[in-house]
Protein chains: 2
Amino acid sequence: MRILEMGRGKLIIKFIMKDKVRILTYEKRKKGLIKKAQEFSILCGVETCVILYAPKSEETPAELEIWPPDHAKVMHACHRQIQREAIVRTQKEML
Amino acid sequence: MRILEMGRGKLIIKFIMKDKVRILTYEKRKKGLIKKAQEFSILCGVETCVILYAPKSEETPAELEIWPPDHAKVMHACHRQIQREAIVRTQKEML
DNA sequence: TCCACTATGCTTAGTGA
DNA sequence: ATCACTAAGCATAGTGG
């Protein structure tokens with residue numbers, strides 16, 4: 001344990017170039033983000049969805065991650081979103 | 001400033017009954033959640049979407065909030081999600 | 001590789017302006 | 001009614017096993 005190097009310093013938000021570090025950060029922060037979404041959903045009584053596209057590395061293809069695990073809820077949210085977009089589009093076309 | 005009551009205690013994740021407190025928490029945590037999603041997206045180079053349905057109070061109807069503000073990106077994510085669900089459904093039906 | 005640890009920095013509940 | 005402040009609690013980068 002090296003006491004002098006325990007600090008982290010202020011984190012700069014910038015794409016992490018090193019594959020291994022990025023994948024590790026991805027796993028950690030994905031967990032944190034979903035936890036936050038879940039807490040938010042419960043505390044405020046709000047339907048919440050998180051959709052992630054995760055190109056993990058050069059070898060593995062893009063991977064999809066969604067929350068909540070109940071896909072039906074996400075589908076519902078997606079459909080509502082698409083309906084809403086369609087309505088907005090129609091309204092614009094009518095101008 | 002009452003020093004003795006400055007503490008918060010451990011937060012219990014449970015629906016906030018008081019309308020005003022819930023709305024305040026909603027606004028604060030929505031901001032936090034979106035910031036996290038944005039950081040995550042940049043750090044890991046990952047497409048990320050957050051969709052919230054916000055029934056703010058008895059008076060106001062359900063309100064939709066999405067991130068990123070570029071709806072086209074969210075639409076793209078939604079469509080990919082729906083396509084994926086359709087593929088999964090088809091695969092199940094073929095069994 | 002993946003999980004555990006922990007000091008640091010970040011988020012936010014409670015509060016006051 | 002917002003908005004700002006701040007300490008407590010939380011998330012997590014770096015590290016070790």
Side-chain angles (χ1 to χ4, degrees), chain A residues 1-69 74, chain B residues 1-69 74:
Chain A
M1 188 167 66
R2 286 173 296 176
I3 299 294
L4 289 174
E5 299 183 16
M6 268 296 184
R8 284 159 54 188
K10 191 178 166 63
L11 178 68
I12 287 130
I13 301 300
K14 179 171 174 294
F15 179 71
I16 298 164
M17 298 295 279
K18 293 180 186 174
D19 273 19
K20 284 177 185 173
V21 176
R22 190 172 64 256
I23 291 164
L24 206 57
T25 296
Y26 171 82
E27 289 298 339
K28 283 184 178 182
R29 281 187 170 250
K30 186 187 73 184
K31 192 181 159 191
L33 187 63
I34 287 170
K35 191 184 175 194
K36 284 273 187 220
Q38 193 170 33
E39 287 181 358
F40 180 74
S41 174
I42 294 167
L43 286 168
C44 302
V46 163
E47 273 186 65
T48 310
C49 293
V50 179
I51 306 173
L52 315 174
Y53 291 97
K56 287 199 171 181
S57 68
E58 290 300 315
E59 299 93 53
T60 55
E63 191 181 316
L64 180 71
E65 307 249 15
I66 64 173
W67 184 87
V74 179
Chain B
M1 187 166 68
R2 285 172 297 174
I3 299 294
L4 289 175
E5 299 185 19
M6 268 296 184
R8 285 160 54 187
K10 191 176 167 64
L11 179 67
I12 287 130
I13 301 301
K14 178 172 175 292
F15 178 70
I16 298 165
M17 299 296 279
K18 292 180 186 173
D19 273 20
K20 282 177 185 173
V21 176
R22 190 172 64 255
I23 291 164
L24 207 58
T25 296
Y26 172 82
E27 288 298 339
K28 283 183 177 183
R29 280 185 172 251
K30 186 187 72 183
K31 193 181 159 193
L33 188 62
I34 287 169
K35 191 185 175 193
K36 282 277 185 217
Q38 192 169 36
E39 288 181 357
F40 180 74
S41 174
I42 294 167
L43 286 168
C44 303
V46 163
E47 273 188 65
T48 310
C49 293
V50 179
I51 305 174
L52 315 174
Y53 291 97
K56 287 198 172 182
S57 68
E58 289 300 316
E59 299 92 52
T60 55
E63 190 180 317
L64 180 71
E65 308 249 14
I66 63 172
W67 185 85
V74 179

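A distance-only check finds no donor-acceptor pair linking the side chain of S41(B) to the backbone of E47(B) [under 3.5 Å].
The distance from atom CG of L24(B) to atom P of dT15(C) is 12 Å, rounded to the nearest whole Å. In this entry the distance linking CD1 of I12(B) with C1' of dA13(C) reads 13 Å, nearest Å. Remark: C1' of dC3(C) and CD1 of I23(A) are 17 Å apart, rounded to the nearest angstrom. Per the geometry, NZ belonging to K30(B) stands 13 Å off P belonging to dT12(C), to the nearest Å. Whole-Å rounding puts the I34(A) CD1 to dA11(D) C1' distance at 15 Å. Rounding to whole angstrom units, CG of residue L11(A) and P of dC10(C) are separated by 7 Å. Per the geometry, CG belonging to L33(B) stands 12 Å off C1' belonging to dT11(C), to the nearest Å. Going from atom CG of L43(B) over to atom P of dC10(C) covers 12 Å, rounded to whole Å.
The base of dA13(D) lies close enough to the side chain of K28(A) for a donor and an acceptor atom to sit less than 3.5 Å apart.
Where K20(A) and G32(B) meet DNA chain C, the nucleotide closest to each residue was compared, and K20(A) sits on the side nearer the 5' end. Residue whose closest nucleotide on DNA chain D sits further toward the 5' end, between E39(A) and V21(A): E39(A).
Residue contacts for K35(A): at a heavy-atom cut-off of 4.0 Å it reaches the sugar-phosphate backbone alone, with no base atom in range.
For the side chain to side chain contact (heavy atoms under 4.5 Å, CB included) with E65(A), the qualifying choice from I51(A), V50(A), L52(A) is L52(A), the only one to do so.
Side-chain N/O atoms of T25(B) include one lying less than 4.0 angstrom from OP1 or OP2 on dA13(C). Considering only side-chain N and O atoms, K36(A) lies under 4.0 angstrom from the phosphate OP1 or OP2 of dT12(C). Under 4.0 angstrom from either OP1 or OP2 of dT8(C) there lies no side-chain N or O belonging to K10(A).
Of all heavy-atom pairs spanning M17(B) and R22(B), the tightest one is O-NH1, 3.3 Å.
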Is there a side chain to side chain contact (heavy atoms under 4.5 Å, CB included) between C49(B) and I66(B) once you walk through the steps?
-> CA-CA 7 Å; C49(B) 293; I66(B) 63 172; over 6 Å; no
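Residues meeting the side-chain contact (heavy atoms from CB on, under 4.5 Å) test with I34(B), sequence neighbours left out: K30(B), W67(B).
Annotation: the terminal axes of the helix from dC2(C)-dG17(D) to dA17(C)-dT2(D) meet at 30°, where each axis is the rotation carrying the C1' atoms of four end pairs onto the next four (5 pairs per end, rounded to 10°).
Atom CG of residue L43(A) and atom CD1 of residue I12(B) lie 10.5 Å apart, to the nearest 0.5 angstrom. Taken from CD1 in I16(B) to CZ in R29(B), the straight-line distance is 7.5 Å, to the nearest 0.5 Å.
When the nucleotides dT12(D), dA13(C), dT11(C) are ranked by their closest atom to the side chain of R29(A), dT12(D) comes out on top.
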